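Model, not experiment: these values are computed from the prediction. Convention: sequence-line order gives letters A, B, ...; per-chain numbering from 1.
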Amino acid sequence: MEFSKRTHHCAALTVGDENKKVILCGWVDSVRDHGGVLFVDLRDRYGRTQIVFNPEAGKEITESAEKLRSEFVICIEGEVKKRSQETINSKLKTGEIEVFAKDLEVLSTCEPLPFPLEDNLDVSENLRLKYRFLDLRRASFQKNFIFRHKVVRSVRNYLDTEGFLEIETPYLTKSTPEGARDYLVPSRVHNGKFYALPQSPQLFKQILMISGYERYFQVVRCFRDEDLRADRQPEHTQIDMELSFVDEDVIHDVIERMIQKIFKDCLDVDITIPFQRINYEEAMNLYGSDKPDLRIPEVIHNLSGISKDVSFNVFKKVLSIEEGVIYGLCGSGLAESASIKDMNDLTAFAISFGAKGLAWIRIMNDGSFKSPIVKFFDEATLKKYQEELQAKCGDVMFFVADIKKVARNVLGALRLKLAKDKGTLQYNDYKLLWVNKFPLLEWSEDEKRYSAVHHPFTMPDIKNIDELINDPASVTAKAYDLVLNGTELGGGSIRIHDTKLQEEMFKILGMDIESARIKFGFLLDALKFGAPPHGGIAIGLDRLIMLLLGLGSIRETIAFPKTQKATCLMTESPSDVSEKQLKELGICIEEE
RNA sequence: GGGGGUGUAGCUCAAUUGGUUAGAGUCCUAGACUGUCGAUCUAGUUGUUGCGGGUUCGAGUCCCGUCACUCCCGCCA
């Protein structure tokens with residue numbers, strides 16, 4: 001018997017294969033030894049098949065079968081038999097048959113496992129990450145990676161038919177000062193100099209447009225040395241694209257049809273296009289977020305007008321300052337059930353997002369208002385609040401009094417928390433939308449200068465350059481984010497393709513022509529040699545997979561992810577390197 | 001940089017108000033068993049309670065520090 005002569009995989013056999021002689025290979029999923037007859041569930045990538053070891057097959061094979069343990073790798077030759085009616089396992093795809101083993105070869109043994117490989121068992125993540133090769137054997141992981149493969153295949157097929165070319169860009173490139181912290185790679189040949197791993201192939205894809213490729217894409221790794229989150233890893237994969245002779249509408253359309261096709265190909269779900277579009281300012285006002293979760297019906301309301309004449313000092317004080325507002329949000333169904341402690345927890349939550357406090361008024365089932373602060377409001381005002389917030393009996397009205405930026409941020413976070421705590425959000429209730437018209441610039445108090453909200457190559461939404469020069473703060477950008485269920489799936493912009501405008505942009509960002517030349521000279525050069533109007537977008541592949549499958553973290557979509565401290569527990573990286581290596585690079589480690 | 005959660009047998013967890021010998025299931029080992037599919041039954045092995053310090057007659061439990069994993073804020077064009 002030769003394992004390379006495998007005839008079927010472990011999900012293939014059916015009653016139609018009865019009496020066939022087959023060779024199967026795989027891992028021992030479980031052993032059930034009855035003393036006489038012994039059952040093994042044999043597992044490979046495709047599925048499981050029950051193998052029967054009967055004493056009648058001979059002494060030798062029976063004895064070696066008794067030595068089988070979980071996760072041994074074996075090859076068996078045997079005969080397919082239909083199971084009797086009462087022994088059919090309906091949970092198993094191959095449950096109507098079993099294979100009577102005639103020959104058994106142990107290809108590899110396995111030590112006792114550090115943790116069981118069943119799905120739905122919470123094993124501590126550091127153990128799972130250390131033994132990632134075992135964790136990846138679990139069925140749920142295999143499902144995730146098969147799905148990820150399908151998504152990428154669907155994307156490649158689609159973009160090919162749309163005329164996109166897949167072109168690779170360098171990983172060893174130049175450090176750029178804007179944006180995230182770079183991962184640096186020292187140069188041996190050029191002592192004291194460094195490459196950087198790209199945060200994205202941004203400039204290369206723009207250059208490719210100038211080089212005339214018109215439509216580029218790449219499934220590409222991007223690196224950012226910033227702190228991690230459930231949906232953020234130091235290296236992540238983007239579906240990166242750039243197109244020439246397009247405006248925002250063309251890009252929206254190309255992406256909408258791509259997303260639609262992914263849903264259809266990979267989930268068999270029909271989604272309607274075009275997606276909802278909302279401007280940044282509106283998103284911030286209604287949802288307190290630039291990535292609103294539209295599964296949640298409640299929105300934020302501006303109650304400043306209604307609150308003008310209230311005697312509540314906290315509100316009065318805030319309304320007297322510039323940018324001071326009273327914003328409100330309805331917490332539905334909480335009035336009777338939430339305890340004082342729950343309210344205190346929510347207040348602490350609001351404070352962690354920068355609020356000074358959180359005011360709340362319960363509307364009891366009998367319609368009465370209940371709150372420590374209710375005495376500061378007359379009945380008519382309370383009614384107006386209730387009406388504006390569309391709160392029903394049994395709801396709680398939440399208020400944040402602060403400057404606009406803080407108030408909507410806090411209520412945006414509260415809106416998400418209340419919905420998550422209620423536990424009614426369904427991952428497969430997919431709500432997609434575009435957020436458009438982002439601000440172009442934001443003032444950096446630390447650096448006393450403007451910085452680009454998106455990046456310095458983003459096209460301002462202006463008629464002429466004077467608008468930018470005269471009042472840069474109020475200019476919006478031709479930039480857009482794609483949002484799915486409260487997560488930013490991707491973003492992009494129309495780019496500047498004019499040298500003058502690009503130089504002006506650098507100037508506004510506090511970069512003189514000299515330093516702009518040093519940092520981005522190649523782009524400024526390229527822009528002079530026939531740059532077409534162009535724009536693009538990048539979609540976060542890991543996040544897309546996470547959201548489509550309803551996973552809790554992108555670590556479930558990445559085969560070998562890092563911990564929150566950016567280490568790999570399997571390879572134990574990062575690690576020390578030898579003195580010799582350091583010397584070659586001219587690097588000296590400073591003791592802390 | 002900051003806030004929260006978790007850390008007890010290989011694994012998943014329990015341990016009353018701080019109370020005397022830290023338990024259970026599972027895994028593993030051995031035995032029994034010819035139709036199981038989370039097999040079953042019997043017996044057995046398994047502990048630096050993450051680590052360091054403190055309070056106490058006595059600490060898994062309380063306090064301080066520290067480490068690891070994780071969630072969040074900041075940060076992430």
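Under a 4.0 Å N-O distance rule, the pair A/E226/A/R181 qualifies as a salt bridge. Between A/E323 and A/K405, no side-chain nitrogen of the basic residue sits less than 4.0 Å from a carboxylate oxygen of the acidic one, so the salt-bridge criterion is not met. The pair A/R555-A/E125 meets the salt-bridge criterion, since a charged nitrogen lies less than 4.0 angstrom from a carboxylate oxygen. By the 4.0 Å N-to-carboxylate-O rule, A/D41 lies close enough to A/R32 to be salt-bridged with it. Of the charged side-chain nitrogens involved, at least one lies within less than 4.0 Å of a carboxylate oxygen, so that A/R408 and A/E281 count as a salt-bridged pair.
Across every strand in view, B/U26 sits in a pair with B/G10 that passes the Watson-Crick or G-U test at under 3.5 angstrom.
Not one side-chain nitrogen or oxygen of A/Q199 sits closer than 4.0 Å to the OP1 or OP2 atom of B/C76. Side-chain nitrogen and oxygen atoms of A/S352 include none within less than 4.0 Å of the OP1 or OP2 phosphate oxygen of B/C73. For A/R229, a side-chain nitrogen or oxygen approaches OP1 or OP2 of B/C73 to under 4.0 Å. In terms of phosphate contacts, A/R555 brings a side-chain nitrogen or oxygen within less than 4.0 Å of OP1 or OP2 of B/C71. Distances shown here put a side-chain N or O of A/K91 below 4.0 Å from the OP1 or OP2 atom of B/G38. Residue A/R32 places none of its side-chain N or O atoms closer than 4.0 Å to OP1 or OP2 of B/U36. Within the 4.0 Å cut-off from OP1 or OP2 of B/U29, at least one side-chain nitrogen or oxygen of A/R69 is found.
A distance cut-off of 5.5 Å between ring centres, combined with a plane angle under 30°, leaves A/H34 outside any stacking arrangement with the base of B/G35. Centre separation under 5.5 Å together with a plane angle under 30° holds for the ring of A/F39 and the six-membered base ring of B/U36, marking them as stacked.
Atom CG of A/D33 and atom C1' of B/G31 are 11 Å apart (whole Å). Counting to the nearest Å, the P atom of B/U70 and the CG atom of A/L129 are 6 Å from each other. Counting to the nearest Å, the C1' atom of B/G10 and the CG atom of A/N126 are 14 Å from each other. Protein atom CG of A/L346 is 17 Å distant from nucleotide atom P of B/G4, rounded to whole Å. Atom pair A/K565:NZ and B/G2:P shows a separation of 11 Å (rounding to whole Å applied). Atom pair A/E556:CD and B/U70:P shows a separation of 11 Å (rounding to whole Å applied). A/L127 has its CG atom 13 Å from the C1' atom of B/C27, to the nearest Å. If you measure from atom CG of A/N54 to atom P of B/G35, you get 11 Å, rounded to the nearest angstrom.
The residue A/E125 sits close only to the backbone: its heavy atoms come under 4.0 Å of sugar-phosphate atoms, none of a base. The residue A/T563 sits close only to the backbone: its heavy atoms come under 4.0 Å of sugar-phosphate atoms, none of a base. When heavy atoms are screened at a 4.0 angstrom cut-off, A/F506 is found touching no nucleic acid atom at all. Counting non-hydrogen atoms under 4.0 angstrom, A/S200 reaches a base of the nucleic acid.
Between the base of B/C37 and the side chain of A/R83 there is a donor-acceptor pair shorter than 3.5 Å. A/R224 contributes no side-chain N or O that forms a donor-acceptor pair with the base of B/C75 under 3.5 Å.
Side-chain proximity of A/V123 to the nucleotides B/C76, B/C69, B/C11 is greatest for B/C11. Listed candidates were B/G10, B/U36, B/C69. Nearest to the side chain of A/P114 is B/G10. Nearest nucleotide to the side chain of A/Q564, out of B/U70, B/C75, B/G35: B/U70. The side chain of A/F353 has B/C73 as its nearest neighbour among B/C76, B/C69, B/C73. The side chain of A/E226 sits closest to B/C76 out of B/C11, B/C76, B/G35.
Around atom CG of A/D512, more than 12 heavy atoms belonging to other residues, nucleotides or ligands sit under 6.0 Å away.
Side chains of A/V106 and A/L68 form a contact here, defined as non-hydrogen atoms less than 4.5 Å apart.
Comparing the same atom, C1', in B/C27 and in B/C63 gives a spacing of 37 Å after rounding to whole Å. B/U20 and B/C37: their C1' atoms are spaced 47 Å apart (whole Å). Look at the P atom in both B/C33 and B/U70: the space between them is 48 Å, to the nearest Å. Separating the P atom of B/G50 from that of B/U56 is a span of 23 Å, rounded to the nearest Å. Using C1' as the reference atom, B/G18 and B/U12 are 27 Å apart when rounded to the nearest Å.
For A/F520 and A/F506, the ring centers are positioned less than 6.0 Å apart.
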